[in-house]
Amino acid sequence: MADTAVQLTGVRDESRTPVSTRMSFSSPRRGATVSFHSINYSVKMKSGFLCKRKLTQKNILIELKFLDVLAARKDPAGLSGEVLIDGAPQPPNFKCLSGYVVQDDVVMGTLTVRENLCFSAALRLPKSICQLEKDEKVERLIQELGLSKVADSRVGTQLIRGVSGGERKRTSIGMELIFDPPVLFLDEPTTGLDASTANSVLMLLKRMVNSGRTIILSIHQPRYSIYQLDEEQLSSSLKGIEDRLVEEYKNSTSYKQTKSELERIVQGQEYSTRPKSRTITYSTSSCHQFNWVLRRTFRNLMLNPQTSFAQMGVMILLALVVGAIFFGVKKNSSGIQNRMGALFFITTNQCFSSISSAELFITERKLFVHEYISGYYRVSVYFLSKILSDVLTLRTIPAIIFSCVVYWMIGLKSTAEAFFIFLFSIVLVSYTATSMTLAISADQTVVAIANIVINMIFVFMMIFSGLLVNLPSVADWLNWLKYLSIPHYGLVAVEINEFIGLTLCDMRNTSGLEIQVCSTGKDFLSEQGIDYSTWGLWQNHLALGIMTLIFLIIAYLKLRFIKKFT
C-alpha cells in the first residue's frame, strides 16, 4: 500500500490541489508555511545493449506530493514545480535548514542518548553559541522528549543492548530539533514500532504541533487511532476512513483557513521549470567539525570490542603461532627457505588483514549521507577522521605488535636498524593494502561483494610477490604485473633488509670429506633478480607510498561523488 502523507492539524493534499502544511493556526508560536504546487518528477532510464543503448524518460510523480521532494532531498534533475516556504521559493540550502528524520534511525549506537544530542548540537548550532548554552539546550530537549531516564544509556547496536525502539526514535527526532528547524519532516516514524510505542511517538509529535512547530510526515498503512489525531470526532459514515477524513476536513475551519492562505500564496505566482539548485551550508568551521567527528569516531571504535580488542587479540595469537613455527631460523640452506616462508607469510598476512577495513564506509553509509546532506560536516572531514582512526588503531598498533613478536621469535637479523626497517616496511604494506581496500569499497553498498573483489586482487598480487614463482623467468608480457603487486614491494624490501650481510653455510660430503660450503645473502638476492642496492631497498617504500596516496585519492573521490540524493 502506498505511503500516506499526514499533516497533524488535518491538512490533506489532493492530487492536483496545492496544499499548505502550516501546523497550528491558533498556537502562540507560528510555524513555517510549506506549500507545494504542480510537483512533477521524472528520471532518465537506460535500456538496451551497450551498442544500442537508449535513454528514455520515465515520469515518477505527476502533480503529486513526495516527502523527499518537499524536504529538498531528491535529485533536482528531472524535478519541476514549486515548493514554497512562507510563500517564498525554497532556498538552495533548505535541506540544511529543515529537520529530516529518516525511516531507519541513523544515530551512533555506541554512544549514549546525551552524547548523540551533544554531537548534533556541536555541529549544527553556530559557534557564536557558547558550549554552556548548547549543553542547556540539550538538557531541555531531553526533558521535552521524555528521555531523562535513558539519557546516559547507549542507543544500542546489534551487539550492544540499548534503549527501546520508541526512545531511539525520539533520539532521532531530538537530533533534528536541536537547532530549532522551521520545518520538521519525518519519513514513516512508526515503522518497526509496536502499536503502543507508535502511538506515543505520534502523541509527542502532536504536542510539538500544538506548540507551533511545522511537522510533515508520511505513514505507511496507519492505524485508525493514528488517523484520529487529525480530528477528535469522526462521522460514523459507511465510507472508508480516508473518505470520511477528507469530508470532515473539508467542513472544518482549518480547511477554510488553509484554502484562504493558499489562494493568497499562489496569487500571481509563476512556477519555474528550470532545474532546482541544491547547496550544502555549514554552521561550523572545518577544524571544529574535524575535532568532533574524530572524537566520535575514536570513541565508537573503542566501544566496539569486535573491531578493536578482538582484532588485537587475534593478531597477537597469530604472531605467537607464526613465531613458534619459524622459531630460531638457522644460517644454512634450510634457513633460506624458512626465512623466505616467514617473510612471505608476514607480508601477505598484512594484505589480507586489511580486508576488514572494507566495511569502514559501507556500514555507516546511511549515517554519513544523512549527516552530510544535513550540513553536519564536510566530506573531507569525515574521510580524514575515518582514515586516521582506522589507520592508527586497527592498522598501525596491530602491525607493530605483530612485528615485535614474530621478528625476535623467528630470529631475524638482530640489529636495531634492521628491525626498524622491517617494522617500517610491514606497516607501510598494511597502509597500502588498507588504502586499496578503501578505494575499492568506498562506493559499494554490500560488504560481501567488496570482500570478494578484494580477495581476488590480493590472490593475483600474491602470485607475483616473488616467492611462488621466480619473477625473472616469467614472460615479459606478464612480468610487468609485479609492479602492481603490493606484497611484491613489501617482500623485496624485507628480503634485502634481512639477507644483506648474511652468510649461509652448509656441510656437504664430497668424496668422503665433510666440506663447508658457504654463500652470501647477496648471492641469493641476485638469483632472485633483486636489486639490493640502497636505492633498490628504498624504491619499494617509495612505490608503496605512491600507491597509498593514489588509492586514498580514489577512495575520497568515490566518497565525494557517491549518490547522496534518493
To the nearest 0.5 Å, atom CE of M315 lies from atom CG of L318 at 7.0 Å
Side-chain contact, heavy-atom cut-off 4.5 Å: V446 with I362? no
Heavy-atom neighbours of Q337 CD exceed 12 at 6.0 Å: no
Correct closest heavy-atom pair for A433 and Q350 would be CB-O, 4.3 Å
To the nearest 0.5 Å, atom NZ of K95 lies from atom CG of L97 at 9.5 Å
To the nearest 0.5 Å, atom CZ of R296 lies from atom CE of M108 at 3.5 Å
Ring pair (Phe, Tyr, Trp, His ring centres under 6.0 Å) test vs W408 passes for just one of F402, F419, F327, namely F419
So L481 and L484, do their side chains get closer than 4.5 Å, heavy atoms only? yes
Assess the side chains of R73 and S374: does a donor N or O sit below 3.5 Å from an acceptor N or O? yes
Y377 and F368 aromatic ring geometry - parallel, tilted or perpendicular at 30°/60° bounds = parallel
**Message:** Quick one, N300 with E364, criterion side-chain contact (heavy atoms from CB on, under 4.5 Å). Give me CA distance, side-chain angles, the key distance, then yes/no.
**Reply:** CA-CA 12 Å; N300 179 52; E364 290 185 7; 3.5 Å; yes
Could you tell me whether the side chain of Q289 and the main chain of L123 form a donor-acceptor pair under 3.5 Å? no
For this session: Could you label the plane-to-plane angle of the H370 and Y100 rings as parallel, tilted or perpendicular, counting under 30° as parallel and over 60° as perpendicular?
Result: tilted
For T503 and C518, the nearest pair of non-hydrogen atoms, with its separation, is CG2-CB, 4.3 Å
> Hey, does the side chain of N540 reach the backbone of L537 with a donor-acceptor pair shorter than 3.5 angstrom?
Replying inline: yes
Report task. Answer with yes or no whether the side chains of S526 and D523 bring together a donor and an acceptor at under 3.5 Å. Result -> no
Heavy-atom closest pair (L193 atom, A198 atom, distance to 0.1 Å) is CB-N, 4.0 Å
Checklist entry - Near R299 CZ, under 6.0 Å, is it more than 12 heavy atoms from other residues, nucleotides or ligands? => result no
Next item on the list: Apply ring-ring contact (aromatic ring centres under 6.0 Å, His included) to F352 and F458, showing your working.
Entry: CA-CA 7 Å; F352 284 99; F458 279 145; 5.7 Å; yes
When rounded to the nearest 0.5 Å, the distance separating CG of L303 from OG1 of T110 is 5.5 Å
Inset, instruction - Answer yes or no: is there a donor N or O on one side and an acceptor on the other, between the side chain of E498 and the main chain of K413, under 3.5 Å? - result: yes
Closest non-hydrogen contact found for F179 with G99 is CZ-N, 4.2 Å
Review point. Do R124 and E176 sit within salt-bridge range, that is, some charged N less than 4.0 Å from a carboxylate O?
Key: yes
So, the side chain of T363 versus the backbone of E359: is there a donor-acceptor pair under 3.5 Å, distance only? yes
> Taking it one step at a time, do I173 and L205 satisfy side-chain contact (heavy atoms from CB on, under 4.5 Å)?
Replying inline: CA-CA 9 Å; I173 295 173; L205 296 176; 4.1 Å; yes
Quiz prompt | Steps toward side-chain hydrogen bond (donor to acceptor under 3.5 Å, both in side chains) verdict (E371, Y382) | solution = CA-CA 10 Å; E371 292 181 341; Y382 179 77; over 6 Å; no
Determine, step by step, whether S196 and D194 satisfy the side-chain hydrogen bond (donor to acceptor under 3.5 Å, both in side chains) criterion, reporting the C-alpha distance in whole Å, the side-chain angles of both residues, the deciding distance to 0.1 Å, and the verdict. CA-CA 6 Å; S196 175; D194 58 58; 4.6 Å; no
Under a 4.5 Å cut-off applied to non-hydrogen side-chain atoms, are K331 and C505 in contact? no
Donor-acceptor contact present, side-chain K558 to main-chain A439, <3.5 Å: yes
Quiz item: With a 4.5 Å limit on heavy-atom distance, are the side chains of E115 and R154 in contact?
Solution: no
Could you label the plane-to-plane angle of the H541 and W538 rings as parallel, tilted or perpendicular, counting under 30° as parallel and over 60° as perpendicular? tilted
One should read off an interatomic distance between L559 CG and S441 OG, to the nearest 0.5 angstrom, of 10.0 Å
In this structure, OG1 of T434 is separated from OH of Y431 (nearest 0.5 Å) by 9.0 Å
Can you tell me how the ring of Y376 sits relative to the ring of F119, calling it parallel under 30°, perpendicular over 60° and tilted otherwise? parallel
What I'd like to find out is whether the side chain of I457 reaches to under 4.5 Å of the side chain of I440, using heavy atoms alone.
yes
### Message
Between T171 and D105, is there a side-chain heavy-atom distance shorter than 4.5 Å?
### Response
no
Task: Y372 and V379: CA distance, side-chain angles, deciding distance, side-chain contact (heavy atoms from CB on, under 4.5 Å) verdict - done: CA-CA 7 Å; Y372 167 66; V379 175; 3.4 Å; yes
Check whether any side-chain N or O of T396 sits under 3.5 Å from a backbone N or O of V391 as a donor-acceptor pair, and report yes or no. yes
Report task. Before giving the answer on side-chain hydrogen bond (donor to acceptor under 3.5 Å, both in side chains), spell out for S357 and D390 the whole-Å C-alpha distance, their side-chain angles and the decisive distance to 0.1 Å. Result -> CA-CA 8 Å; S357 63; D390 184 80; 4.9 Å; no
Closest heavy-atom pair, T432 versus M547, reported as atoms and distance to 0.1 Å, is CG2-CB, 3.7 Å
Any donor-acceptor N/O pair, S533 side chain to G536 backbone, under 3.5 Å
yes
>> Taking the ring of F422 and the ring of Y407, is the distance between their centroids below 6.0 Å?
In response: yes
Under the side-chain contact (heavy atoms from CB on, under 4.5 Å) criterion, do L438 and K386 qualify, and how do the steps go?
CA-CA 11 Å; L438 294 176; K386 296 296 286 184; over 6 Å; no
Quiz prompt | Residues S218, D187; criterion side-chain hydrogen bond (donor to acceptor under 3.5 Å, both in side chains); working and verdict | solution = CA-CA 5 Å; S218 64; D187 185 11; 3.3 Å; yes
Is the shortest side-chain heavy-atom distance between L542 and W535 below 4.5 Å? yes
Could you check whether any side-chain heavy atom of R170 comes within less than 4.5 Å of a side-chain heavy atom of E167, counting everything from C-beta outward?
yes
Taking every heavy atom of V474 against every heavy atom of F464, the minimum-distance pair comes out as CG1-CE2, 4.4 Å
inquiry  = Looking at N116 and T112, would you say the former's side chain and the latter's main chain have a donor-acceptor pair under 3.5 Å?
reply    = yes
**OP:** Please check if the side chain of S465 supplies one atom and the backbone of M462 the other of a donor-acceptor pair under 3.5 Å.
**Re:** yes
Measure from the side-chain N and O atoms of S120 to the backbone N and O of L117, and report whether any donor-acceptor pair falls under 3.5 Å. no
